[in-house]
Structure formats: C-alpha cells, structure tokens
Amino acid sequence: MTTPSLTDRFDAARETLKNVRQDHALHFYDRLDDDQKDHLLKQIEAIDWPEVSRLVESHVQSKPHFALPADIQPAPYYTHVPSSELEGKYRDARAMGESLLRQGQVAAFTVAGGQGTRLGWSGPKGTYPATPIRKLPLFACLAEYLQRIERKYSQSCRWYIMTSEVNDTATRAYFKENKWFGLDPECVMFFPQAMLPAIDITTGKVLLDSPMSLALSPNGHGGSLKALHTSGAIDDMKRHGIEQISYTQIDNPLVKVVDPLFLGLHAIDGCEMSSKMLPKAFPKEKLGNLCMADGRVTVIEYSDLPDELAEQKLPNGDLRFRAGSIAIHAIRVDFVASLNGAATGFQLPYHRAEKKVPYVSLDTGDRVEPDSPNAVKLEAFVFDALPLCSQSIVYETDRIEEFAPIKNAEGVDSPVSSNQIQIERSARWLESRGVSVSRDDQGRVDAVIEISQITAIEPDDLQGVKLPAAIDPGASVLL
Ligand code: UTP
C-alpha cells in the first residue's frame with residue numbers, strides 16, 4: 001500500500017474539517033515545514049470529528065442536564081470485616097482470587113494518561129517521588145507490589161499501563177531507564193488513550209495550542225475502556241488467558257494493585273465490573289457516591305448528590321449514603337470486549353469542564369494565556385460503565401490501608417498527607433506484630449517509617465522479617 005502524500009492528506013483533512021466547520025485548524029498550515037505539517041495532520045486524522053461536532057452541540061453550545069435518577073438508594077456493600085455469616089464466603093473469595101493470580105488470570109491495569117495539572121509536576125505523575133524515606137516514584141511503588149505478588153503466587157502478573165500523548169514517550173523512557181523496576185519487560189505493556197480537542201466556550205471552535213498543534217487533552221479515564229480494545233490490550237489479555245482486570249489509578253502509592261479478596265468476591269458473584277469504596281469522612285467529601293439507581297450500581301458525583309440525601313443519617317449515626325468511590329475496580333475482560341463489540345458502537349457519556357486553556361490567536365498568531373475559563377474540556381469517567389453491568393458488587397476497604405492519593409501540591413490529597421497515611425499504615429502493621437511505635441499525645445506517629453512492598457504488602461508478610469522491638473521518637477526506619 002502506498003503512503004498518501006502530504007497533499008492528499010491535507011485535502012482529506014480539509015474536507016473532513018469543512019464538514020464540521022472546524023477548518024480553521026489548518027489556518028497556519030502553509031507556514032509549516034513538512035515535519036510540522038505531518039504532526040498536525042496526524043493529530044487531525046486521529047480525531048473522530050463527527051463526534052467532536054456532536055459534542056460541540058451537546059456540551060458547548062448547550063450544557064448537558066444531569067437528571068437525578070428517580071429512585072436512588074445507597075449501594076449495598078461487603079464490609080471490610082465480614083460478619084460471622086460471611087466469614088466462609090470471604091475465605092472462599094480470597095482463595096478464588098489467589099487461584100486467579102496463581103494461574104495468571106488477572107491483569108493489573110493502571111490508568112496513567114492524565115495531565116496531573118493540580119500536582120504541577122513536570123513529568124508523568126508516575127515519576128513523582130511518593131514514599132517518605134526512599135522517595136520512591138509512584139510507578140515503582142506499584143511495580144514493587146507486583147514483584148511481591150509474583151513471589152507470593154509464583155506467577156508474574158501482566159501489567160497494562162494506559163498513557164496519553166502528553167506522557168507516553170516519557171513514560172516508556174522512564175521504565176527503560178529504570179529497567180522496568182525489576183519486572184519482566186515482556187509483562188509490561190503501554191498504550192495511549194485517545195485525545196480530544198479543547199473547544200472555545202463561546203465560538204464552539206477547537207483551539208490551537210500552536211500553529212502546528214491542536215490544544216488536545218486526554219479524553220478521561222473512561223477512555224480506557226475503548227483504548228483497552230483499540231490498542232490490542234484486550235486481545236493480548238485473551239491470548240494470555242487473562243479473565244479479570246484489576247483497574248487502579250497511578251496516584252495512590254498504597255493501592256493494592258491486585259487484591260485477591262476483592263477480585264474473588266467480584267468473581268464469585270459473577271460480576272462484570274465491581275468497585276471498592278471508603279466510608280465517606282463527611283457528607284460532601286469529594287468522592288463519587290456509590291448508589292443503586294433504578295436497580296443498578298451507579299456513581300453519583302458529590303456535586304450532583306442533593307445535600308438532603310448526602311446528609312441523611314442511619315439510626316446508628318452513619319451516613320446513609322456513605323460509600324465513596326475511590327476509583328478501584330475489578331472488570332471482566334469479556335465485559336470490555338462485549339462493550340466494544342456492540343453493533344451500536346459504544347461511548348461512555350462525556351462530562352464537561354470549563355478550563356483555562358492557552359491558545360494561539362488566529363488573528364495575530366500570538367499565544368494567549370487566558371485569565372478565566374475560555375474552553376470546554378470533555379472527559380469520560382470509567383465509573384459510568386457500572387450501570388451497564390447486570391452484576392456489580394461494592395467492597396469496603398480501609399482508608400489507612402489503601403488510600404493515600406497524591407493529587408494536589410498542598411493540603412488535602414497532597415504528598416504531605418499521603419506520607420502521613422503511608423507512615424500510619426506502616427506503624428499499624430508493626431504494632432500488630434508487637435513493635436512499640438512512638439506516638440505523640442494526639443496519637444500521631446512521631447517517627448518516619450517506610451515498609452517496602454517487596455518486604456510486605458499485608459501485615460502477615462512481616463512474619464519472619466527481623467523487626468525492631470521499638471521505634472523511638474524521631475527515628476527513621478526503612479524495612
Ligand atoms: P485525575 O482525575 O486525578 O486527573 O485522574 P489527573 O490528570 O491525574 O490530575 P489533574 O486533574 O490534571 O490534576 C485520576 C487518574 O486517572 C488517570 C490519571 O492519570 C490518574 O491515574 N487519567 C485521568 C487518565 O488516565 N486519563 C485521563 O484522561 C484522565
């Protein structure tokens with residue numbers, strides 16, 4: 001097959017763009033050299049323009065209206081500690097999850113395509129130094145977890161990492177430089193998600209980031225369910241006999257990258273996609289609410305749940321809507337395959353966000369840094385696939401055990417708060433093994449402790465590890 005010339009590609013692109021009234025994207029084309037032309041045309045060719053046109057109408061020229069489902073109930077969930085009737089089921093589930101891992105039937109899947117704007121780190125977020133002593137990058141935290149899993153179950157766990165155009169090259173290079181953090185490179189697969197252009201909020205026109213580039217951003221973590229398919233990752237999983245996907249985000253160094261109990265409960269109950277939850281700390285905590293809406297598990301964003309529902313309490317004082325989604329899911333491979341195989345096509349809904357997006361002025365060719373939101377960015381969210389499932393469970397996890405996200409540079413969900421939680425988890429694990437850990441009068445650990453996930457991914461792994469009898473105030477202890 002002959003490769004089409006730049007001229008042919010330009011003609012095709014112009015035609016496509018004209019049809020959707022976005023041909024200004026080629027405004028500077030004549031001033032570009034051939035490499036720059038190729039770059040711009042590649043971006044244009046990768047975009048589904050009829051879809052952009054529909055989105056301009058539905059999400060820019062008008063705002064999609066969120067309709068609260070008529071019947072919302074709290075989602076039932078498996079508690080962190082089982083009731084006595086469920087102890088047997090939890091034992092069986094854990095055994096089932098372990099068996100899936102031993103047979104290599106689980107894929108670890110990390111979404112790492114985001115821009116990490118709030119953190120303000122220059123590289124991919126996975127390269128951010130996350131742990132209290134070694135300053136281990138987030139990617140390495142997850143890799144250590146998988147190394148430990150491999151040792152535990154005498155089976156490597158394939159790891160699929162979704163990147164995006166903003167960080168794909170840097171992510172692959174980082175893994176290479178760091179020798180895949182001790183994992184077999186054959187078992188680590190990267191693939192980029194799709195991008196969408198930012199759209200001018202008043203004109204509905206896509207913005208240019210430079211004369212040779214559209215202002216593109218990744219299409220949300222929900223884009224993963226399509227990208228898994230289009231990248232060939234689902235086929236690769238099937239070739240390797242993988243049945244379940246353990247979906248996690250890159251920004252949580254304590255995440256159980258694959259959790260046998262959760263995967264087992266999800267598999268035993270025959271679910272297509274399941275979720276972990278945390279009891280919310282307060283009614284409007286910025287976590288999606290796992291609810292039952294019209295009989296299906298559904299996430300309702302914290303901003304969409306009416307205050308009177310968010311604040312409802314049970315007789316025991318707990319919030320009635322207490323299940324906060326922490327973006328950890330178990331997903332059956334054949335569920336993702338069937339979504340993508342649907343004759344009607346498949347697209348999760350897009351959510352609209354108004355953002356400040358720098359752009360090149362078509363009149364002057366100058367770059368403009370807006371000081372108020374000038375553009376609409378569109379993102380799909382993975383949890384919107386939950387209502388498409390006929391079976392879906394929710395499992396409660398523990399905040400200190402598994403949730404130390406790094407999202408913001410300061411304050412809530414920052415490196416400092418994440419380090420505090422990591423240290424607290426280490427302290428609890430040591431205390432459960434009889435180590436005396438120094439705490440201040442508020443009960444806070446007043447030492448710095450880090451337990452490598454190669455040493456332990458759960459407290460029982462510390463059996464047989466030489467531990468100190470006590471951790472003194474101000475000590476720094478790495479195990
Ligand atoms: P966030 O929603 O926290 O976004 O992503 P972010 O990009 O990391 O940070 P901000 O909002 O720009 O500050 C949660 C997870 O989803 C991934 C992120 O990489 C992170 O692991 N994600 C997000 C994607 O993979 N693709 C996207 O398009 C968006």
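One-based numbering, in listed order, for ligands and for the atoms of each. All values derive from a computational prediction rather than experimental measurement. We count residues from 1, following the sequence as given.
Protein heavy atom in closest approach to atom 26 (N) of ligand 1: Gln193 OE1, 2.7 Å. The nearest heavy-atom contact from the protein to atom 19 (O) of ligand 1 is Gly114 N, 3.0 Å. Protein heavy atom closest to atom 21 (O) of ligand 1, with residue, atom name and distance, is Val111 O, 2.7 Å. Looking from atom 25 (O) of ligand 1 to the surrounding protein, the closest heavy atom is Gly113 N, 2.8 Å. For atom 7 (O) of ligand 1, the nearest protein heavy atom (residue, atom name, distance) is Gln115 N, 2.9 Å. Looking at atom 2 (O) of ligand 1, its nearest protein heavy atom turns out to be Arg118 NH2, 3.9 Å. Summary of contacts: the protein heavy atom closest to atom 14 (C) of ligand 1 is Gln249 OE1, 3.3 Å. Of the protein's heavy atoms, Gly220 N, 2.7 Å lies nearest to atom 28 (O) of ligand 1.
In terms of polar-atom proximity, defined here as any N/O pair under 3.5 Å, Glu379 makes no such contact with ligand 1. The N/O atoms of Leu119, backbone and side chain alike, include none that comes under 3.5 Å of an N/O atom in ligand 1. Ligand 1 has no N or O atom lying under 3.5 Å from any N or O atom of Met162, backbone or side chain.
With hydrogens and angles left out, the side-chain atoms of Ser426 and Glu450 include no donor and acceptor closer than 3.5 Å. For the residue pair Gln422/Thr131, the side-chain donor-acceptor check at 3.5 Å is not satisfied.
Residue contacts with ligand 1, taken as heavy atom pairs separated by less than 4.0 Å, involve Ala112 solely via the backbone atoms N, CA, C and O.
Salt-bridge check for Lys238 with Asp334: failed, with every basic side-chain N at 4.0 Å or more from each acidic carboxylate O.
Taking the six-membered ring for Trp and the full ring otherwise, the centers of Trp159 and Phe175 sit less than 6.0 Å from each other.
Of the possible polar contacts, none joining the Lys286 side chain to the Ser303 backbone as a donor-acceptor pair under 3.5 Å is found. Listed for the His59 side chain is no donor-acceptor partner under 3.5 Å among the backbone atoms of Lys377.
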Query raised in the report: Passes side chain to side chain contact (heavy atoms under 4.5 Å, CB included), Met96 versus Leu265? Steps please.
Result: CA-CA 8 Å; Met96 156 81 96; Leu265 287 169; over 6 Å; no

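With Phe403 as the fixed residue, the side-chain contact (heavy atoms from CB on, under 4.5 Å) test singles out one of Thr397, Ile328, Ile421, Leu287: Leu287.
Between Lys355, Met195, Lys407, it is Lys407 that holds the heavy atom closest to atom 5 (O) of ligand 1. Across the listed options Ala353, Gly116, Ala227, Gly116 owns the non-hydrogen atom lying nearest to atom 9 (O) of ligand 1.
Under the 30°/60° scheme for interplanar angles, the aromatic rings of His80 and Tyr395 are found to be tilted.
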